Colleague: 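This is the structure I want to talk about, given as structure tokens.
Note that ligands are numbered from 1 as they come in the structure, with each ligand's atoms numbered from 1 the same way. Since the model is a prediction, treat every value here as computed from it, not as a measurement.
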Amino acid sequence: MKYDVLLPYFLKYVQINSRSDEHADRFPSTQRQVDFQRVIMADLAEIGVTDVHYNQKSAAVIADIPANVAEKVPTIGFIAHCDTADFESEHVKPQVHKNYDGHSKIQLGDSEFYLDPAVFPNLKNYEGQTIITASGDTLLGGDDKCGCSELMTFVKYLVDHPEVKHGRIRLAFTPDEEIGTGTQKFDVADFDADFAFTVDGEAPGKLDWGTFSAAEFTLDIQGVNVHPAVAKGQMVSAVKLGIAFQNGLPKDEDPEHTDGLEGFYHLLSFNGTVDNAHMEYIIRDFERDGLERRKQVVKDLVAKMNEEQGVKRLTLNMHDQYYNMADELKKHMEIIDLARQAYRDEGLTINEDPVRGGTDGSTLTFMGLPCPNLFAGEENMHGRYEYTVLESMEKAVDVLIRIAELNYQQNK
Ligand SMILES: [Zn+2]
């Protein structure tokens, strides 16, 4: 095995429940993330990393790997998130399937569930490799325990191999990525890196630096409820106004009818009665002006319906969530080129398809820390079919080391 600590770290970390909770009103959202971060801190100490602290403001573990060269080169940050997604996460029992034959179904533990290459064709890319799954009852948590264990393995490698010349490196292990709040309080000044990479991506070769721009809105609708017997001309149904609103949005511009570079409006929830209704939506678009145009469509529709009602029955609350980091990163293409060069040097085919979502890096980039996302080897994230491939994780570590080396060689 190429890095003998990688698999042990991974198997240990996925068995620690560190799920976040979007309904909690504390930060970080769950204590179990902090407990997992303590394990990370102990493991860093064991490797021999002496400068490690817990930043209270960002609820993140921050570690420093000092430069082993005299020249001043840019400080690189690497970031992984400690929480796992909203799916059963207690008693994860990782299953290691060595030397996969590239075509068979893989049973998840002794459950009724299988990873079937007919359903998940990426499996066919991993003939002869080691597939790691959960046991059918839980997620695996490779998102982002892959990134966490890769960062630890990377650090161990640098400590054990002083011949690898590198500048100063900063690591962060952050909370609450899955609920979208983890990096809003990130202490960019304390992290003190010139640029960074999140290590939280899919198959080898994937390099994410384009994301959606995003907004969300709620719509509260007030109806008029009177007895149906005498309703004529008086009753105004809030739920029917909600249906009319949804039907008034551009047809088929929703997640189930769009892909590639197309944006959408997405109705997340709709609760209501005749008396009142509440709707929650998100809006996504790769272009910033496309996002603005969609927001205007919503505002115009609300205004038109209120005008038709002759009284304000629809109340709109809208705000932006994050923006396409490509808009910022285009000003820092040397960072993307550094990652591209490392991928090429490691023999990878680069895949830069934009992410139909956001990343922690989107938030960080607009906070002044340019932050594309590197692959970590995650597959089928957020559910029982989640798996990862040991060789993909090894490649991710190769890339981290290569990025550190190249950053020194190109900037010394
Ligand atoms: Zn993730």
Colleague: Check whether Lys145 reaches the backbone of Gln15 with its side chain - one donor and one acceptor, N or O, closer than 3.5 Å.
Modeller: no
Colleague: Considering just N/O/S atoms, say which atom of His81 is closest to the Zn ion (ligand 1).
Modeller: NE2
Colleague: At less than 2.8 Å, would any N/O/S atom of Glu378, backbone or side chain, sit next to the Zn ion (ligand 1)?
Modeller: no
Colleague: Between Glu262 (side chain) and Asp259 (backbone), is there a donor-acceptor pair under 3.5 Å?
Modeller: yes
Colleague: Indicate yes or no: does Lys304 engage Glu308 in a salt bridge with an N to O separation below 4.0 Å.
Modeller: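 The answer is yes: the pair qualifies as a salt bridge.
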Colleague: Which of parallel (below 30°), tilted (30 to 60°) and perpendicular (above 60°) describes Phe78 and Phe154?
Modeller: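 Phe78 and Phe154: perpendicular rings.
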Colleague: Output the atom name for the N/O/S atom of Asp143 with the smallest distance to the Zn ion (ligand 1).
Modeller: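 Answer by atom name: OD1.
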